[in-house]
Amino acid sequence: MAHANARLNVHGRRLLVDRVRRQGWAVAHAAKAMGISRQCAHRWVARFDAEGQAGLSDRCSAPHSSPRRTAASVEDAVVAARREHRRGQDWIGLSSVSLLERSAGSCAATTCPTQPPVTNVVTEYS
């Protein structure tokens, strides 16, 4: 599903490609008619040329990998501490998460992050 401000959904992308490839419209004219930039129109046409109809579908915007993501054991410990003490990320803080990460073995004392993603963990599990 396209985000709320997207000018084109899957049907609009197919219409754009149809106008450019089958009807022979210039990309700039098709883009103007659809209310999008030429760059965006070229991107969709190129994606269609490379991948076919599948290239026009919505894609997930999540990263393919998150190598610095907080370990699951640390997330569980943060969530458990929050539930037990009924407090937020300000109380849990940097030192608590660093200790939890070290005890979980997810980082050495010198390689623990200086800004742990406690807010992300708390927000994700709230």
Side-chain angles (χ1 to χ4, degrees):
M1 181 170 128
H3 64 82
N5 297 328
R7 290 295 228 159
L8 296 178
N9 56 17
V10 177
H11 175 71
R13 295 173 206 146
R14 287 187 187 127
L15 179 61
L16 171 74
V17 170
D18 182 63
R19 286 178 174 173
V20 173
R21 290 292 177 240
R22 273 202 24 218
Q23 298 176 20
W25 286 32
V27 175
H29 294 173
K32 185 174 184 179
M34 311 246 357
I36 59 173
S37 68
R38 289 180 304 163
Q39 180 182 8
C40 181
H42 277 288
R43 187 178 301 126
W44 284 116
V45 171
R47 192 178 287 179
F48 174 80
D49 291 342
E51 302 175 30
Q53 289 290 333
L56 301 179
S57 62
D58 293 329
R59 293 183 179 179
C60 179
S61 61
H64 294 292
S65 67
S66 300
R68 296 193 59 161
R69 182 177 176 158
T70 303
S73 58
V74 175
E75 286 184 10
D76 294 340
V78 169
V79 171
R82 184 157 190 250
R83 285 190 184 136
E84 179 184 347
H85 299 287
R86 307 282 297 165
R87 299 200 181 175
Q89 66 267 17
D90 294 336
W91 175 78
I92 294 171
L94 174 63
S95 59
S96 300
V97 173
S98 295
L99 289 172
L100 290 171
E101 285 185 335
R102 288 184 192 130
S103 66
S106 63
C107 66
T110 57
T111 62
C112 275
T114 56
Q115 296 295 324
V118 177
T119 305
N120 295 342
V121 172
V122 171
T123 303
E124 183 177 336
Y125 289 95
S126 293

Taking the side chain as every heavy atom from C-beta outward, state whether R47 and R59 have any pair of such atoms under 4.5 Å apart. yes
Can you tell if the side chain of R13 reaches within under 4.5 Å of the side chain of F48, non-hydrogen atoms only? no
Could you pull out the closest heavy-atom pair between I36 and L8, with the gap in Å? CD1-CD1, 3.6 Å
According to side chain to side chain donor-acceptor pair (under 3.5 Å), who are the partners of R43, at least two apart in sequence or on a separate chain? none
Distance, nearest 0.5 Å, that separates CG of L16 from SG of C40: 8.0 Å
So CG of L56 and CZ of R14: to nearest 0.5 Å the spacing works out to 6.5 Å
Answer whether the closest heavy-atom distance between the side chains of D49 and R21 falls below 4.5 Å. yes
Which donor-acceptor pairs under 3.5 Å do the side chains of residues 22-33 make with protein atoms, sequence neighbours left out?
residue: R22; atom: NE; partner: D18; partner atom: OD1; Å: 3.4
residue: R22; atom: NH1; partner: D18; partner atom: OD1; Å: 3.1
residue: Q23; atom: OE1; partner: W25; partner atom: NE1; Å: 3.3
residue: Q23; atom: NE2; partner: D18; partner atom: OD2; Å: 3.0

